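See structure below.
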Amino acid sequence: RIRVRGVTIHRPLIYGNNAVVLTPEEKSLLPVAAKDHTHRWTVAVRSAASANDSDIVGGADDLNYFIKRVSFKLHETYQNPTRNVDKPPFEVSETGWGEFEVQIRITFVPESGEKVIVLYHHLKLHPWTLQVAAEEAVNPAPEISAKSGPVHSWQYDEIVFHDPFQSFLNILTAH
Ligand code: SLL
């Protein structure tokens with residue numbers, strides 16, 4: 001396979017999470033083991049090439065032409081904390097009560113010959129105005145949290161490929 005020396009190509013993406021406070025109805029439907037859960041959240045990796053600012057951040061550009069798998073490693077309090085997602089949308093939705101760091105491993109398509117990359121995202125449940133209370137381990141009352149609406153915590157990044165294989169460059173530029 002031939003590397004195209006001197007070429008750098010990048011793909012913009014967004015990773016992060018949305019979170020909403022569970023309504024009393026939603027809470028009542030949770031399994032007994034999850035009765036202490038307060039939020040529903042989604043952690044995701046999305047393309048920034050077609051991002052918009054709707055509730056679901058990120059766009060329709062699927063990423064799967066160059067990403068083979070996104071593996072989200074959740075806090076060990078979750079069952080099967082490693083969640084592998086092999087097709088878009090590259091996301092995991094769960095309920096929970098606490099914030100923690102999510103490890104996000106991105107594996108590229110085999111044609112790329114690229115190594116896995118690892119990103120970290122601090123799952124955010126509480127709006128910054130309530131963060132002080134949360135840090136003092138006095139979680140804000142759900143009715144107070146609910147009033148401030150959904151939390152969005154997203155980061156922009158660019159995946160940079162140096163000297164890509166010709167075949168991978170073809171895949172990237174065809175999109
Ligand atoms: C904390 N370091 O102590 C964090 C850990 C863990 C969050 C937060 C669900 C667990 C489950 C959940 O929200 N874990 O019931 O499966 O604040």
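Everything numeric here is computed off the predicted structure, so don't read it as measured data. Atoms within each ligand, like the ligands themselves, are counted from 1 in listed order.
- In this structure, the ring of Phe168 has its center no less than 6.0 angstrom from the ring center of Phe108.
- Any N or O atom pair closer than 3.5 Å counts here, and Ala33 shares no such pair with ligand 1.
- Residue-to-ligand polar distances keep His75 apart from ligand 1: every N/O pair is separated by 3.5 Å or more.
- Using modelled atom types, no side-chain atom of His39 and backbone atom of Trp41 make a donor-acceptor pair closer than 3.5 Å.
- Contact annotation: for Gln79 versus ligand 1, there are no heavy atoms closer than 4.0 Å.
- At a 3.5 angstrom cut-off on N or O pairs, Asp36 does not count as close to ligand 1.
- When the heavy atoms of Tyr78, Trp97, Phe100 are ranked by distance to atom 1 (C) of ligand 1, first place goes to Trp97.
- The aromatic ring centres of Phe100 and Tyr78 sit less than 6.0 Å apart.
- A donor-acceptor pair under 3.5 Å links the side-chain atoms of Arg3 to the main chain of Asp163, judged by distance alone.
- Protein heavy atom in closest approach to atom 15 (O) of ligand 1: His37 NE2, 2.6 Å.
- Scanning all protein heavy atoms for the shortest distance to atom 4 (C) of ligand 1 gives Glu99 O, 3.2 Å.
- Protein heavy atom in closest approach to atom 14 (N) of ligand 1: Thr77 OG1, 2.9 Å.
- A 6.0 Å sphere centred on NZ of Lys35 holds more than 12 heavy atoms belonging to other residues, nucleotides or ligands.
- Contact between His39 and ligand 1 is absent, with no heavy atom of the residue lying under 4.0 Å from the ligand.
- Within ligand 1, counting atoms from 1 as listed, the ones closer than 4.0 Å to a heavy atom of Gly96 are 13 (O).
- Looking only at distances, no side-chain donor or acceptor of Arg46 sits under 3.5 Å from a matching main-chain atom of Gly16.
- Atom CD1 of Ile2 has 12 or fewer heavy atoms from other residues, nucleotides or ligands within 6.0 Å.
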